[in-house]
Structure formats: structure tokens, C-alpha cells
Amino acid sequence: MEPIIKTENLTIRFGGHTAVSKVNFEMPAKQLKSIIGPNGAGKTTFFNLLSGELKATEGDVYFKGENITSMSSVARARLGLGRSFQITNVFPNLTVLENVRLAVQSKEKIRYQMYRHFTHYKKLLEESQRLIGVVLLQGKEHAIASQLSHGEKRKLEIAMLLALDTEVLLLDEPTAGMSLEEVPAILDVIKAIKQTGDKTILLIEHKMDMILDLSDSIMVLFNGKLLADGSPEEIMNNETVQNAYLGGLYDENLAES
Amino acid sequence: MELLINLTVNGLATGMLIFLLASGLTLIFGLMSVLNFAHGGLFAWGAYSAVWFYSLTGSFILGILGAIVTGAVLGFITEKLIITPVYGNHVQQILITLGFMLVLAELLKVVWGPNQIRAIVPPKLEGSWEFGDVLIIKYRLFIIIVGFVIFGIFQYMLQKTKIGLVVRAGVMNKEMVQALGINIKRVFLYVFMTGAALAALGGALFAPYSGVIYAEMGFEFAILAFIVVVIGGMGSFSGSLLAAILVGLAGSYMAYYVPALSLAVNMMLMAIVLIFRPQGLFRAKG
Amino acid sequence: ACSKSDGGEASTKTDDDEKATNQSNQNEEEEEEEELGTIKIGVLASLTGALESYGKQTKQGFELGLEYATGGTMIVAGKKIEVVYEDTETKPEVAVQKATKLLEEDEVDFLVGSSSSGDTLAVLPLAEEYEKIMIVEPAVADSITGSEFNPYIFRTGRNSSQDAVAGAAAIAGPGVKIATFAPDYSFGWDGIAAFKKAAEALGAEVIIEEFADPAATDFTSNLQKVIEAKPDYMFVVWAGANSPWNQIADLKMQEKGIKISTGAPDIPALSIMEPLVGMEGFSVYYHTLPNNPINDWLVKEHKARYNGEVPDLFTPGGMSAAIAIVEALKKSDGDANGKTLIKVMEGMSFETPKGKMTFRAEDHQALQTLYSIKLEKQEGIPYPVPVLLRELSPEETEPPIQNK
Amino acid sequence: MKTLLKVEGIHTFIGQYHILQGVSFEAREGEVSVLLGRNGAGKTTTLKTIMGLTPASKGTIFFEDKDIKKQPTYTIANTGIGYVPEDQGIFADLTVEENMKVAMRKEDDATLARQEYVLDLFPDLKTFWKKDGGHLSGGQKQMLAMARAFVHESKLLLIDEPSKGLAPIVIEKVMEAITEMKKSTTIVLVEQNFIMASRIGDRYTLIDDGATVHAGEMKDLIGNEELKRKYLGIG
Amino acid sequence: MKRKFQLNHYLLVVIVIALAIFPFVSDSRTWTILLTQIFIFSILAMSYDILLGYTGIVSFGHAMFFGMGAYTTAVMLKRIEPTMGTFIVSIGVGMLLAGLISFFIGLLTLRLKSHFYAMLTLAVSGLFLVLAEKWRTLTQGNDGFTFKAPEFFKDRVMFYLVVLACLVLVYVFLRRFVNSPFGRVLVAVRENEQRTSSLGFNPLHYKVIASVVAGVIASLAGSLYAVSLRFVNTSVLTMDITLDALLMTIIGGVGTLIGPIVGAGVIELAQYYLSGLAKEYPIFERWIIFFGIVYILAVVFFPRGVVGTIREQFWKRKMKKDGAKTVPKKEVS
Ligand SMILES: Nc1ncnc2c1ncn2[C@@H]1O[C@H](COP(=O)(O)OP(=O)(O)OP(=O)(O)O)[C@@H](O)[C@H]1O
Ligand SMILES: Nc1ncnc2c1ncn2[C@@H]1O[C@H](COP(=O)(O)OP(=O)(O)OP(=O)(O)O)[C@@H](O)[C@H]1O
Ligand SMILES: [Mg+2]
Ligand SMILES: [Mg+2]
């Protein structure tokens, strides 16, 4: 099967620093792949290159065989590449509901409609309400986004991504700072999406238990380079990964879960 | 050749003068990110108080010092009363400082009357030297020197101390700076007062240059100062200096060679700079 | 505040007392009104903002003028005169607003004003619409009695062209080489165009015309060009606070043999012309220039009333406007009908502090005396004083007719 | 052991919202106290209230027997309390170096030496010394925020979710560092990573809906399946 | 929520009707003119609020569109003939011109960040001012020129009614506009441009369209303004006009449409009354001081603008009354 996303020699340099270096990677459709790597390895930057937030210095990105390297982030989002952000990135002075509703509106392709009153779009509201429920934010619909606690903002971030309902989901540390008891709920959401079987998910995480639980495959970035891409077992047994990324904590981590 | 020298020296002097007017705003707008539309008012108050102190004491130096003190005191009042409630909110800043500008300009008339007032150049700086066809106006040379001195002082202060850093950090995240043990309110107050004092100094030096002061003078030059700060790159003294000199020289050359466009020269300069270097000429560092 | 004055009227005997007497005065006036009928005059002037001092001069002059012309009675042809002053703030929309208020609410019979040409032009159509006479004073734009003229407009103020003609008369002569220097907008262009014509008619040659950004901090580049052209004179048309005089001195233009000539401004602005002592030019008015009893009266009364201050540039203008109105009413026998007054006023001559003025029938511009002067330093006066060289008679400074 | 910080019955309003409704806990000298609770429980607000960023309207906050409740933030910081906020509070337009500089109260040899120590802890920061704070990766920002707080020897450190976004190996280093620092510094920690919390915490305070619901020694909590299930959803 | 809107609606309709019959009950022309003036500036301020309040763009060059409308109408009425037909066509032409120019300027410059954009608009409008100053054959520079208004407007009441109608139309149109899905995206652009684009909305498109709408409506205000004065000069292109629009918007409350209208009223009336006081009480001779103090007090007492602050209070009170939970409880499934 044709990979849904493919990169060739994807490279970006910031000044003298190469944050992503000649990455050749293929993402099989309808799978979940996790990306791990030390801090500053270039994971987020790689996402930014896929979603178009950043422009590659070299190399190409293909989506379903089409070269999308020169497309804007807007165009890519419309094409079906949706993403969540590592550093919470919402509309601070709008309510939770409004934040989600905007994403739903985009999914429904209501972009330049200028005369209809927005509340006419009942459907949008209902869908937004539903998604807020999915990420356990019910009761907070009318809270202003900037007044949410950190974990709540993370959930909102996920709701907005889900609302876009894109073919590809790029999740950047979705559960960072989320409370222990709620991580499983979000995991369930991701699992549920995965089970429907029509979505492709790329996940950046540092929580190994979660990664092992979810991933079909794992790729490892190191200093901007693609170090390995393989099944969870392969990766966990990779020595470099163990020494430079996991350290000792991971054993206990696994033991706990 | 002589012509070119004349145009350049005069352009440079005008540029320096504009730099002096803009230097206070470099601190207040560039660094502290306060859209201070009352800046022109501070500047006019500086001019008036300099002329007044000068005529009272007969000493130009005391006049200048008087202006600086007036500026600092006004800066204190402005910061406490007007700016403190609106830090970080540009929209409110526009409204409140425009209101204060009206008050400042009108109060000038209450104190010194509505008529324009003559400002004289101190005898020692009066007149000019001639070298062949090259004519150097003493007062302009004085302005150029003062401009460089001010530039040097502030460049040094911002490079060698962390005040500049603290202010910029404070603008980005006031709470965090405080949590690092810095009394940011006081820092802002002092920096604002310094900016106001610089504005007053600019006014004080401008007065003898143009020979006349009037209550509305603030409105006219405040915009020029904003232009300089923006095209120089927010908060950068080197940027402001370069931009001011550019404005001065462009004005001088254009008025001679392309007089038809001299009315538009500042605006064109700003448009060109911003289109090609949207962030301004310099990026503030330190 | 209301309740306070209610209670205060009886008990305190200060301000309120005065108010009370004022009120009774007003009552008397109203009674008189019924017997006499009134003539109402609305005066528009810039009482705040950059042109504030001009506005105040007009206002004071106008008050004095009415007093003089009616012999202190404020009654003309059996009618009581009332005046309402309004501040245009030098904004056209405010001027229109205030003018309409005057015409509609106060139902004035005359409009007088205003300090800025923009404000005045905006108000001109209202005069025609309401068929009321408007005396323009002291706005200078030629177009007021030129392209924008309507028959209800009369101007006691001089116009740009008159200034220019006077300026030319002061310096131009066969073979004289003149450079001009003016601000780069209508006022400057009009002034220079008119000057050029007048000067060339007198045989002079205008060799270079420089226009500068009026808001600029530096005029030396423009002046440099003038110096290079080596003229005999540089004629300057200038208005506004930001002025080039210092720089003219700095560049030693006079030492280089270029004589400067310009119109003498009002007293506050004269004080900043210190560097130009010795220059020859023209003046619209300075209190020592005219020699006639009206001016003597004006100077005396003005001093008495405004703690020793002498009347300034536009004070006689205000006075002239008042005199013109009173004279017209005398002739029309108190009839304030616009159409009637037009007939009366066209060609009317009247005595003013500047001597005899005549409303030219064609464009209603008052022809008037201007003065050729020289700036001199005088003992005990903190500004250069315009000293009379010679009077430029109304005929001599007659401007072209431009409303055709 | 001596109590360094004693928070008693604090109530905090943000705008018209009554966020904290009776949080009490204490931090003893040389110990690590962990605040636990769900998202939105009020952990961050508790730390902010101690720092004077969201002043308490009721209750008392004693630090070294001084009431600091009404003190301005910078005074509180200067009495020796360091703070690592949950959103890192990096000055985005300042370089890493400048971020550190702002945090340094003086630049004497001792401080510089300590800076070296901190940078050894997070060598990444040294690599990106001249880079803008805003351009760092998420984890690097977290490191910078900690480095800034560690550069002075504080009596008390308030750290809000240090492990968030860090690679496992770095978490380990941070834990080591905290254990090391414990000798001289008392620490209050908000942490969602229970493994980390349980390994380095000495005592815990459970916060729910803006109030303290439980407190005790960490070793008791580790064994208390019921509490863990009820408030932490684990076990 | 619905109920509140409806209440507002009725209130607005009542106010509009009251304003419409006002000139027939009162024969104060001063008030007619003052209100006309307020309506015109309300339109201008509303158009500015589309930029500032809804899209988060600060422009220092809004006067250029106002001036474009004013000049187009003035020139056409003077050069062609002062009829209603010309008037209406001139409005259209002005709007078209303003639309085109704001489109191009927007396309070129809206990529810039906040102050830089603001300063660039200042520059461009400054250039337009110079152009108007220099193109004397058309504009007569800063002296300006007068022209005749269409016969129909001889009676200022008619003009008053037309302006009122324009105000209502613009209000209704803009209300629809900002409450449409499109308008919600504008707000999103204001809040977080980058996030908007990652949702698949192109911020530049939104900003350009917003500035075209704002420009077109400012031009309408300009056309009406010129006719209200029957005169135009370069003052319509100056920074003062932009600042007026800006101040009115801020005083009334950014991000609301009623706000700019209230702001226009507050400023015009304050000016009217204060300058009136100057004639009666000597201490008000320097009334501008008090006018400045009005701005300062406005910020102190109405930090979010008159309408913004009142709304906020209203919500707060409502929340209290409804006994909203202080800390919303979370149910965990
Ligand atoms: N805009 C930028 N300018 C300069 N350098 C950048 C920029 N964005 C990222 N970098 C650098 O590129 C490297 C990779 O950053 P990236 O955010 O992709 O890391 P990451 O793998 O997501 O790390 P983490 O797990 O900490 O989030 C880092 O060293 C970072 O400092
Ligand atoms: N500025 C604010 N205005 C209104 N409510 C706020 C504000 N800040 C926080 N809150 C609310 O206060 C509650 C507690 O927030 P806090 O940030 O202290 O939670 P937390 O325990 O740190 O949660 P998390 O684990 O998600 O970081 C939350 O419900 C939040 O919505
Ligand atoms: Mg990352
Ligand atoms: Mg928190």
C-alpha cells in the first residue's frame, strides 16, 4: 500500500543548527506511529514540517503521493493534516465552546459565509458539545480558555484536533500535564479513533507505557536524524535508545504499569 | 563637494535632533511597549521649562537641567497616574495617553500663555563657522555631539547592565520577573521617568534650534519619533540612531534634489523600510 | 449646582448677587428689545487650538469696533446689537455646526469670521443658503472672494494676493532678482503665484521658487539653493509657528547680500524674528503704523481694557468688520435683509483703524491700506518693531478680481 | 524537623471565581512535599498564592515564622523562595543566557559557579546558550525554567510539574538533582507523574476542588490503594 | 441569552424610531446637525471597529478611506451636477475606490505584525494626504472647495434621515457580518492567527476582507461627511480623523458594534457641551483640559469601553443571581 505520508531528505536548519536532518520516512495509512527521542531531537519541528508551520530548507513532503512541500499550513489542514500543539495554543479570550466550534466550522468547510447568523448552525454547536464531553471538559463550555488550568487546556487542544476530523492526526504530547486519572480516558479516545480504522495517527510522547500500549510502530529521532523506525519491541531493545533516551527509569516505569 | 558636505552636516544634525526626540520613546515605546501618545507633551514641557529656566537663571545649562528634572517629575506623575493602570493594554494606552496629551498641551497655555515664545541659542553656541563654502552652524555641531553622548550613555547602560533585559522580560511576563525577585514596578517607573526626562531633554535642545516653542509642538514631533522608533527596530538605540540619521539625511538631500517629493519623504522612507525589513532596521539586543 | 444657587441668591452677596443683577439687566434688555428690535451677529473664531491668538484678536477687535461705531450705545438705526461668539476649534465640521447653530438657533443676521481659511470656506455656502451677510475676517485664502465666492460674502480682511502685491511693492523694481520661499501647500503656492505676477509687473525677475515642508525641522537645503541662485532679495511667505528665521540667520544669508523680505506677523511671532532685524517687507497692521483717530482710539481703549497691551495684527480687522456692519445698517436703516444689504454694501466705503476701506463691487473684497515697513530693534521693546517706510494705498495693493 | 512553610486555610479568588477554598499544608525543612490532585483542583493556584501572584483573601501563609501573605511577589522571592511555573515562564525574545541573567540577583563567583553546576545538569542549555528562549523545544524550555530557579540557593523551591515534556532520562536527572538539593533546600512539588512523586516525595497533600482533602507521609499513600483510586485514579 | 438579545433589539428599534421622529418634534437645527455628525462618525467608528475590535488590526491610516469617499462625492457633485443621482453614484464610486485600494494595501501589508502594520498604514495615508495636497486642480489643496448638495438635501432634516437610515443599514449589515461564521473566524484571527491557519482558515484572506469591508464603509461615512459640510479639504485625510475613529471605538468599547456609536456620541457631545461651557464660565476657557480628562476617566471607569464594561457588569450580576457555582464541579465518569 502507498504510504499516506512520505518524506524525502527532509531537512530544516535554523541558523547553523540542523534541527531535522535528512529524514526519510514513510507513514503507512491507518496506523498509529509514535515518535520518540530526547528533548530537542526535532520531533516537534518534524511535525511543523509535516503540517506546514515551518518550511523545509531541503527535501520534500508527500501526502498520498502528492508533493505538498510548498503548500501553506492552511492548505495542508484543508487537505487532511490536523495537528495538536505541544505548547498549548488555543484562542485565549474565547470560551471553550467557541474554540471547539471554530474547529468544527472548519471541518464543515463553512469558511466565507458572511450573512448567516452563526448560531443558525445548530449542528456545529451540537458537535462541539459532544467533543467537549469526549475530552472530559463538560461543565467548562463557557469558561474562557485562558482561565483553564493547564491540564484542561491540554484537553481543549485535543478536542479541537478531534473536531477537525482530519484523516491524519498529528498529536504532540497530548497528555503532558494531564492528571493521572484522566490520562486513561484520553488514551481511550485515541484508541477508539484508532479502532475505527480510518485514521492515521502520529504521536509524540515521552510516556513509554502509553506508547507501548498504543503504537503499531515507533520511530526514533536523534539530533534531528532518523535513528530507527520499527516495531515497539525492536525499538525498546535498541541500545542507543535505552542509553540515551530511556535511562533507568523506564524499567520501573514499565513495571508499574 | 562643499554642497554635499553642507547637506550632509545639516542632515546629520537634523537626524541627531530627531534621535534626541525619539530616544525617550525608544525606552518607553520600544522597550516598555507603552504606546505613549503623550510623549509629545513631555517633549513640549521640556522645551518650555528649558526656555523658562534659562530666562530665569541666565544659564543655558541650568535651563537644560531644569528641563530634565521637569521631565522626570512629569514622568513620575504620568507613570503613576496614567500608565500604571494600563500596562500591557495598547488600546487603553492609546485612549488615556491621548487624553493626557491634550491636558499637557493645554496646561502649557495655562502656565505660559497661548502665544508662541522665542527660544534663543546661548551666545557661546550662536553663529557659525565658515570654511570656504562649507558652513558649520555651531549649535548644530553641539546637537550632534550631545546626540552621540546620549547614545553612548544609553548604549553602555543597556549593554552593561541588565536593566534592558529586565524591562523586556517584564513586558513579556511581568509575574515571572517578580517571581525572580525583581520589583518590576519600580524598574518600570524609573525607566519611564528616564524616558520622560530624555523627551524633555529633546525638547529643551530642540527649542533653540527652531527658535520658537508653542503648545502644539508636541503633536507634530511625536509622530516623527514614533516613525523613528519603529523603523529603527523597537527598543534598539542603535536602530533609533540610524533611523533618525536616515530620516535627517533623506530630508536634507530630498529637499535639495527632489523638492517635489520632500513632503512625502518620511512616509516613503518608512514604507520602504517596513516593506523590505518588516522588523525594522535593528533588532533590540540588550 | 442648581440647588445651591437657589439657596444662595438671598443669603450670599457675592457672585450670585452679580448674577442677579445681570439677570435683571437682561430683563431690561429684553424689554428694550421689544421696543427696539435687535440685530444679532454671530462671530466664528478659533478660540482654542493653534490659531487661538488670532481668534482672540478678532474677538477683542470686534467688541471694540461695535462700541466705537455705536458710540458705546450698541444701538444702530434704532436697533440693539447682540453678539454671539463661537469657537470653531479650527475644524471645518465644528465651524459648520456652530455656524448652523448661529443661523438657526440664535437667528443671527450677520456672520463674521473666521480665523482659518478652511473653516471659513466650509461656512460660505451657509451664508448663501440662509441669505445672510458674512463678513470674512481674517481668513486670507484668495478663493473666498475668488472661485468660492457668493454674493453674501464680504471680506474686510486682506487676501493673499493683496499681501503679495504689497510684498512686491515693497521690494520689486526693474532688474531686481528675487528668490521666493514658502511652505509647500495652497497658502504658499497662492501667495507666491500672486507675488510673482505683481513683482514681474514691476519689472523684477523671480529667479527661483523654493517650497518647503512646513512641518520640517530643517530648511537649510532649500535655503542653500536660494543662496546658490544669488538673488538680491528672498521673499518669504510663511505662516505657522515652526519658522525658518533662525536658519536664515544661521546661514548668514543677509551677510551674503541676500535681503530678506516678508510680511510682519503678530507680536508674539515678531519676537522670534529677532534674527531678521533690518529686513524690509510689508505689514497688514502694527499699532504705530496707521495715523488716524480711529486707530488712536483703538490703541488707547485696547490698552485701557487689556492691561496695557496694544492691539495686534488682527484686532483692527475685527474692528473693521464691526464698523462695516454698523455702517451698512445705518445705510439700510436697520434693515438686515441680506439682499438689501448686498446692494448697500457693494462699493461701500467706511473708515477703519487702517484708514478708508472699500468693498469692491465685483468681488466684495475690501481694498485697504497696507504698509511697507522695516524691522528695527527699539529700546525697551522685546521684539523687532515694524517701522513705517511708506503707506501702500488701497489702489496700489488692489488685487486682481478672481471670482469670474 | 522544623516547619519552614505553613499554609493554613487559604482562600483565593481570581476575579469573581472562588478558586481556593481552604488549602492547608506544611513543608518541613529538608523534605519534599508533593501536592497531588486532578486537573483544575487548584495545585497551581496554591503555588501562585504562596508566591503572592494570586494573593489569598483568607488564611495564613507563614514562611520561617514570618507572615508572607500580604508581601509583594518580589519580596517573597527575595526572602528565598524559588519558583518554577507550570507554563515555564520563559522570556521568549531573550536568549538562554539572558534568561539566566535576569534570574541572577548578583553575578559573583559563587553564583557563576552554581550556574556551571546547573548547566551541567542540563547540558542542552549550554549548547543553545545564545538561542532565543522562544525557539527552544518544549523540554528545553522546561529545563531552562528549572535552571533559572536553581541558579540561586533558595530556602524553598516551588516546582510545578517539572517532569512534563521531559525525556525519561532527563526526568531521572531532575530527580537526582532534587534529591541532591534536598540537603540544603526545602521543596514543594506539584507532580502528575506518580512514579516520580512517590520516589522523591517525603509527604503529600491531596487537593480536590480547591481544598485540602488529605495529607500525610508519602510511604503511607503508596500503600493506600483506596486513596489512590479515589483521588488519583490509580492503583 | 436569547431573551437578552431580543430585549436589546426592541430597545434599539425604539431608539431608532425616536431618532427618526426627533427632527419633526424638535426644530433645533443644531441638534439635527449634531446628531447627523454623530451618526456619520458612528459609521466611521463602526467600520474601524471591524478592524480593531473584531480582527485585532490597529490601523493609523483609516482616514484615507474616509477621505476617498469625501473627495469622490465632493468632486463629482461639483464637477458633474449636484443631483441625487450623482450623489448615489459618487457613493458607489467612492466605495469601489476604497475597496480596491484597501484590497491592494491589505494584500501588500497585512502580513506585517501589529505596530509595523499600523505604521505602514500611517505612511500610506500620509502619502495620500500629500497627494491631495499637491493635486490642486482636483482638490484645491488644504483650502478645499465648497459644492452644492443635491436639492433634496436642502432641508437638512432629509439629510438627517438619510444618514440615520445609512447608520441603521450599516449597523444591521455589520451585525450580520460579525455574527456570521465569517465574523467568528475574524475574532479567531484576532485571538491567535497562527492557530487559525492550522485550523484551515487563511488569516490573510480574512484580514484583507475585513479591511476591505472597513474601508468601504469608511468611504461611505466620508461621502456623507462631505455632503453634510458641502465642503471638503485635506482635513478629511489627516491623522485626526483616524484618531477620532479610534477614540470613539475605544471609548464605546472595542469588539461591540453599539460601542462605537456610543463612543461617537460621547465624544461629540462632550466636545459640544464643554466648548459651550467655555462661553459661560471662565474656568472652562481651557475646556480642552476637561475634554482630555474625559478620556482619562473613561479608561478609569470604563476599562473595556462604555458598552464593554456595562455588558461585563451585566454578566457578572447575572452570574451572581444565577448562583453560578464558584468552582464548577467535575463529574468523572
Ligand atoms: N524556530 C526555531 N529557531 C531556532 N531553533 C529552533 C526553532 N525551533 C526549534 N528549534 C531547535 O530545534 C531543535 C528541535 O526542537 P523540537 O522542538 O523539534 O524538539 P522536540 O524533539 O520536540 O523536543 P521536546 O521533546 O523537548 O519537545 C531544538 O534544539 C530547538 O532548540
Ligand atoms: N485566571 C483564572 N480565572 C478563572 N478561573 C481560573 C483562573 N485560573 C485558574 N482558574 C480555575 O481554577 C481552577 C484551579 O486551577 P489550577 O490551575 O490551580 O489547577 P491545577 O490543579 O494546577 O490543575 P492542572 O493539573 O490542570 O494544572 C481551575 O478550575 C481553573 O479553571
Ligand atoms: Mg516537542
Ligand atoms: Mg496546574
Lys/Arg N to Asp/Glu carboxylate O, Lys182(D) vs Asp202(D), below 4.0 Å: yes

Basic-acidic side-chain contact under 4.0 Å: Glu26(D), Arg203(D): no

Pairwise distance CE(Met27(A)) to NZ(Lys33(A)) - rounded to 0.5 angstrom: 6.0 Å

Between [X] and chain A, which part of the residue has a heavy atom less than 4.5 Å away: side chain, backbone, both or neither?
X         : answer
Lys43(D)  : neither
Gln88(D)  : side chain
Lys141(D) : side chain
Met143(D) : side chain

Pair Phe47(A) and Phe85(A), ring centroids less than 6.0 Å apart: no

Part of Gln147(A) within contact of chain D (heavy atom distance under 4.5 Å): side chain

Per-residue contact mode, Asn243(A) against chain D (heavy atom under 4.5 angstrom): backbone

Between Ala19(A), Gly40(A), Pro38(A), Gly37(A), the one whose heavy-atom pairs under 4.5 Å with chain D are most numerous: Gly40(A)

Whether His18(D) and His11(D) hold their rings parallel, tilted or perpendicular, with breakpoints at 30° and 60°: tilted

Short side-chain donor-acceptor distance under 3.5 Å, Ser51(A) and Glu53(A): yes

Max heavy-atom pair count under 4.5 Å with chain A, selected residue of Ala167(D), Ser163(D), Gly139(D): Ala167(D)

